[in-house]
Amino acid sequence: MAVEERNFRSYYYDKFGIRVVEEKKSIEILMKEQTVSIEKLQQFCLRFPLPAVYRILVWKLLLGVLPANQNSQSFVQQQREQQFKDLNNGLEIIQRARETDPRELTLLKLYLLEQGQLPFEDSELLASEENRHFAAIAGGVCKVTEDDLDQYWVSSRFFQLVAKHRDTITLYPEITLKCLKKEDVDQKLWNHLVQHKVLAFLPLREWFLTCFVTVLPDISFQRIWDKMMGGSCYVMVYVAVAILIFFRRPLLSMTASEDMVNYLKQIPEDCGDRIVNEALDLWSKNGSLHLISKADSPAVEKGKG
């Protein structure tokens with residue numbers, strides 16, 4: 001009942017533009033503080049939709065790309081620009097910069113160069129799973145911003161956030177199945193997926209380690225990343241559950257596991273927001289904020305938060 005009431009209020013506020021205006025005012029107040037409160041910014045991302053106009057700036061603050069103190073931001077920004085310029089120059093010197101490369105591949109090269117892990121041949125770039133995941137995440141960031149500098153720093157630091165929690169995230173597929181069984185009240189979908197051995201073939205691990213960027217439409221995955229930046233990687237469990245529940249009817253009509261897995265590989269544009277809404281409702285219903293530990297905080301280095 002509480003979820004229904006909250007959804008009604010959200011619908012009412014959204015319809016008349018009330019909630020959007022209030023949330024924008026709140027984030028503006030936070031961003032005007034001399035030293036931006038990272039904790040308050042995280043809480044905002046967890047509790048409210050993040051206005052798109054502030055998304056990249058908020059992400060950079062939460063990922064530690066920019067410092068919380070506004071007096072230091074200009075200097076740090078200059079340092080980031082110089083580092084980025086040096087990395088690009090490095091690629092050119094070793095003749096590894098190619099204009100024909102997809103943007104995410106160039107960002108991957110820059111990151112590997114920064115880490116001292118750039119392979120000798122471009123053909124080896126996507127040989128490792130981690131590099132493929134970085135390229136996927138970078139491709140997602142490129143859909144959020146066209147600024148080269150922001151693309152690099154957000155991609156690299158968000159990837160590091162995901163990598164930091166990799167051991168925990170790899171447990172999410174098992175947790176997802178338990179959650180699905182719980183949420184599938186009549187067990188019809190669950191039994192169908194088990195009967196046709198679909199669960200073992202679902203690319204859940206890939207979904208989680210690429211943060212759904214290859215599955216959800218552009219605007220939809222950004223809303224999930226907002227929650228992750230706020231401190232809850234666990235929200236991804238409910239995204240996976242919501243995808244399966246949302247496509248319950250077509251899945252029940254199929255009997256081949258391969259057909260079901262292929263059907264779920266790319267979510268149609270017009271379904272993304274509805275799936276994310278359902279995922280966030282599940283996340284909220286199951287205690288959202290209580291599922292966040294300090295270890296989940298994107299401000300990974302002591303002192304950032």
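Every heavy atom of this structure was used, including side-chain atoms; hydrogens, water molecules and symmetry mates were not.
The 12-atom threshold is exceeded at CD of Gln115, counting heavy atoms of other residues, nucleotides or ligands nearer than 6.0 Å. At most 12 heavy atoms of other shown residues, nucleotides or ligands fall within 6.0 angstrom of atom CD in Glu146. Within 6.0 Å of NZ on Lys143 lie more than 12 heavy atoms contributed by other residues, nucleotides or ligands. For Gln187, the CD atom sits in a packed shell: over 12 heavy atoms of surrounding residues, nucleotides or ligands are nearer than 6.0 Å. Annotation: Glu258, atom CD; neighbour count of heavy atoms from other residues, nucleotides and ligands within 6.0 Å does not exceed 12. More than 12 non-hydrogen atoms from other residues, nucleotides or ligands lie less than 6.0 angstrom from CD of Gln34.
Contact of the Ile243 side chain with the Phe246 side chain is not registered, since no non-hydrogen atoms from C-beta on lie closer than 4.5 Å. In this structure the side chain of Leu112 reaches within 4.5 angstrom of the side chain of Leu125, judged on heavy atoms. Residues Phe75 and Ser72 form no side-chain contact, since every pair of their non-hydrogen atoms from C-beta on lies 4.5 Å or further apart. Side-chain contact check for Thr255 versus Gln195: every heavy-atom pair is 4.5 Å or farther apart. Looking only at side-chain heavy atoms (C-beta outward), Lys285 and Glu183 come within less than 4.5 Å of each other. In this structure the side chain of Leu61 never reaches within 4.5 angstrom of the side chain of Pro67, judged on heavy atoms. In this structure the side chain of Trp153 never reaches within 4.5 angstrom of the side chain of Lys60, judged on heavy atoms. Contact of the Leu216 side chain with the Ile224 side chain is registered, since non-hydrogen atoms from C-beta on lie closer than 4.5 Å.
Within the 3.5 Å criterion, the main-chain N or O of Arg96 finds a donor-acceptor partner in the side chain of Lys109. A side-chain donor-acceptor contact under 3.5 Å links Ser253 to the backbone of Pro250. When atom types are taken as modelled, the side chain of Asp226 and the backbone of Cys45 share no donor-acceptor pair closer than 3.5 angstrom. For Arg80 (side chain) and Val65 (main-chain N/O), a donor-acceptor pair under 3.5 Å exists by modelled atom type. The backbone N or O of Met31 sits less than 3.5 Å from a side-chain atom of Gln70, completing a donor-acceptor pair. Checking side-chain atoms of Arg274 against main-chain N and O of Asp270 turns up a donor-acceptor pair under 3.5 Å. Checking side-chain atoms of His196 against main-chain N and O of Ser257 turns up no donor-acceptor pair under 3.5 Å. Of the possible donor and acceptor atoms, none in the side chain of Glu81 sits under 3.5 Å from a partner among the backbone N and O of Leu149.
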Next item on the list: Report the C-alpha distance between Leu41 and Ile27 in whole Å, list the side-chain angles of each, state the deciding distance to 0.1 Å, and finish with yes or no for side chain to side chain contact (heavy atoms under 4.5 Å, CB included).
Entry: CA-CA 8 Å; Leu41 213 51; Ile27 194 73; 3.7 Å; yes
Next item on the list: Take Asn191 and Lys181 through the test side-chain hydrogen bond (donor to acceptor under 3.5 Å, both in side chains) and record every step on the way to the result.
Entry: CA-CA 9 Å; Asn191 290 331; Lys181 189 173 184 180; over 6 Å; no
Note to self: Please evaluate residues Val239 and Leu282 with respect to the criterion side chain to side chain contact (heavy atoms under 4.5 Å, CB included), reporting the C-alpha separation (whole Å), side-chain torsions for both, the decisive distance (0.1 Å), and the verdict.
What the structure shows: CA-CA 9 Å; Val239 178; Leu282 286 171; over 6 Å; no
Checklist line | Criterion side-chain hydrogen bond (donor to acceptor under 3.5 Å, both in side chains) on Asp150 and Trp59, from CA distance to verdict | finding: CA-CA 10 Å; Asp150 288 345; Trp59 284 5; over 6 Å; no
Next item on the list: May I have the step-by-step check of side-chain hydrogen bond (donor to acceptor under 3.5 Å, both in side chains) for Asp147 and Gln151, ending in yes or no?
Entry: CA-CA 6 Å; Asp147 184 278; Gln151 286 174 353; over 6 Å; no
Note to self: Evaluate Phe221 against Val276 for side chain to side chain contact (heavy atoms under 4.5 Å, CB included), listing each step before the verdict.
What the structure shows: CA-CA 8 Å; Phe221 79 73; Val276 170; over 6 Å; no
Note to self: Checking Leu118 against Ile94 for the side chain to side chain contact (heavy atoms under 4.5 Å, CB included) test, could you report, in this order, the C-alpha distance in whole Å, the side-chain angles of both residues, the deciding distance, and whether it holds?
What the structure shows: CA-CA 11 Å; Leu118 183 66; Ile94 61 176; 3.7 Å; yes
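With ring centers used as reference points, Tyr152 lies 6.0 Å or more from Tyr111.
The OG1 atom of Thr106 sits 9.5 Å away from atom CD of Glu99, with the distance rounded to the nearest 0.5 Å. Atom CG of Asp86 sits about 11.0 Å away from atom CD of Glu114, to the nearest 0.5 Å. Remark: Leu161 CG to Leu63 CG distance equals 6.5 Å, nearest 0.5 Å. Atom CG of residue Leu193 and atom NZ of residue Lys197 lie 12.5 Å apart, to the nearest 0.5 angstrom. Once rounded to the nearest 0.5 Å, the distance linking CD of Glu174 with OG1 of Thr176 reads 10.0 Å. Between the CD atom in Gln42 and the OG atom in Ser232 there is a gap of 11.0 Å [rounded to 0.5 Å].
For residues 230-257, the set of pairs meeting the salt bridge (charged side-chain N to carboxylate O under 4.0 Å, His left out) definition, not counting sequence neighbours, comprises Asp184-Arg248, Asp186-Arg248. Applying the salt bridge (charged side-chain N to carboxylate O under 4.0 Å, His left out) definition to pairs two or more places apart or across chains, those involving residues 129-141 are Glu129-Arg166, Glu129-Arg205, Glu130-Arg166.
When all heavy atoms of Ser220 and Gly272 are compared, the pair lying nearest together is OG-C, 3.1 Å. Minimum interatomic distance between Leu113 and Leu87 (heavy atoms only, all atoms of both residues): CD2-O, 3.4 Å. Looking at every heavy atom in both residues, Met228 comes nearest to Cys233 through CE-SG, 4.0 Å. The two residues Ile137 and Ser155 come nearest to each other via the heavy atoms CG2-O, 4.4 Å. Considering every non-hydrogen atom in both Glu206 and Thr210, the closest pair reads O-OG1, 2.6 Å. Considering every non-hydrogen atom in both Met236 and Cys211, the closest pair reads SD-CA, 3.7 Å.
Relative orientation of the Phe158 and Trp225 rings is tilted, given thresholds of 30° and 60° on the angle between their planes.
Hydrophobic clustering (ILVMFWY, side-chain heavy atoms < 4.5 Å, transitive): Ile219 and Phe48 are in distinct clusters. Hydrophobic clustering (side-chain heavy atoms under 4.5 Å, transitive across Ile, Leu, Val, Met, Phe, Trp, Tyr) groups Leu244 together with Leu252. In the hydrophobic cluster analysis, where Ile, Leu, Val, Met, Phe, Trp and Tyr join through side-chain heavy atoms closer than 4.5 angstrom, Val198 is grouped together with Phe201. Under a hydrophobic-cluster definition in which Ile, Leu, Val, Met, Phe, Trp and Tyr are linked whenever side-chain heavy atoms come within less than 4.5 Å, directly or via other members, Ile56 and Val53 are assigned to the same cluster.
Phe212 meets the ring pair (Phe, Tyr, Trp, His ring centres under 6.0 Å) test with Trp207, Phe208; sequence neighbours excluded.
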